[in-house]
Amino acid sequence: QVQLVQSGGGLVQAEGSLRLSCAASGSGFSINDMAWHRQAPGKQRELVAQVRSSGTTNYADSVKGRFTISRDNAKNTVYLQMNSLKPEDTAVYYCLANAVIYSSGRQFQYWGQGTQVTVSS
């Protein structure tokens, strides 16, 4: 049983900052990669940022230099620090965790509930 609970998000003006967090709860699992995706109305969900268990990160070109993904393994939490926000960043943001369930040794993807980020001009 893995559950991801997101917090943060809201309304912010352009050039403002926002910090999202996503905490995994439960037991009997080990988290590998964690990521943030977003989906704007009428558009496909896209990868925003990813952090692997090794610490390696990658970002969508549209957010490079502005967003930072980080994780606290002791808390099973991933963060997304968003700076210099633009109206085009407006979307529902979802966290994703790839977790191995000990009992089966299989990896599954778990999604957070999503949180709205709205950037006004």
Side-chain angles (χ1 to χ4, degrees):
Q1 184 181 22
V2 181
Q3 291 188 318
L4 303 181
V5 179
Q6 299 180 213
S7 62
L11 176 64
V12 65
Q13 288 189 317
E15 297 301 314
S17 297
L18 213 55
R19 190 192 193 207
L20 306 181
S21 64
C22 175
S25 63
S27 62
F29 66 89
S30 178
I31 295 178
N32 292 324
D33 300 346
M34 301 189 81
W36 289 94
H37 291 71
R38 67 186 181 187
Q39 187 167 24
K43 296 185 177 180
Q44 295 185 146
R45 189 171 299 187
E46 65 173 343
L47 175 67
V48 176
Q50 179 186 49
V51 57
R52 299 187 181 276
S53 57
S54 64
T56 300
T57 60
N58 68 278
Y59 299 89
D61 288 340
S62 60
V63 307
K64 285 182 179 177
R66 300 187 298 120
F67 291 10
T68 302
I69 187 170
S70 61
R71 63 192 293 173
D72 184 337
N73 291 330
K75 296 181 178 180
N76 275 342
T77 300
V78 62
Y79 305 92
L80 185 67
Q81 179 66 47
M82 303 183 291
N83 299 325
S84 301
L85 283 162
K86 303 175 180 180
E88 48 263 47
D89 295 319
T90 296
V92 176
Y93 285 70
Y94 299 89
C95 70
L96 170 68
N98 292 317
V100 174
I101 308 301
Y102 293 145
S103 61
S104 67
R106 297 174 62 189
Q107 183 171 268
F108 297 91
Q109 291 187 326
Y110 297 90
W111 291 92
Q113 79 277 18
T115 185
Q116 177 71 46
V117 171
T118 302
V119 184
S120 65
S121 59

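A quick note: this is a predicted structure, and the numbers were derived from the prediction, not measured.
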Quick one: are [X] and [Y] in side-chain contact, heavy atoms under 4.5 Å?
X    : Y   : result
Q109 : L96 : yes
R19  : L80 : no
F67  : N83 : no

Using a 6.0 Å distance limit plus a 45 degree cone around the ring axis, check whether R71 lies over the aromatic ring of Y79.
no
Whether the side chain of [X] engages the backbone of [Y] through a donor-acceptor N/O pair (distance < 3.5 Å, no angle test) should be reported.
X    : Y    : answer
T90  : V119 : yes
R66  : S62  : yes
R45  : R38  : no
Q113 : Q6   : yes
Y94  : G112 : no

Stepwise, does the side chain to side chain contact (heavy atoms under 4.5 Å, CB included) test hold for K86 with V63?
CA-CA 10 Å; K86 303 175 180 180; V63 307; over 6 Å; no
For Q3, I'd like to know if atom CD has over 12 heavy atoms of other residues, nucleotides or ligands within 6.0 Å.
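Open.
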Could you check whether Q116 and T118, counting side-chain N and O atoms only, form a donor-acceptor pair closer than 3.5 Å?
yes
Judged by modelled atom types alone, do S21 and T77 share a side-chain donor-acceptor pair under 3.5 Å?
no
Within this structure, what is the CD1-OH distance for the pair I31 and Y110, rounded to the nearest 0.5 Å?
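Going from the CD1 atom of I31 to the OH atom of Y110 covers 10.0 Å.
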Test side-chain hydrogen bond (donor to acceptor under 3.5 Å, both in side chains) applied to R52 and D33, N58, T57, the passing residue
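Among D33, N58, T57, the one that satisfies the side-chain hydrogen bond (donor to acceptor under 3.5 Å, both in side chains) with R52 is D33.
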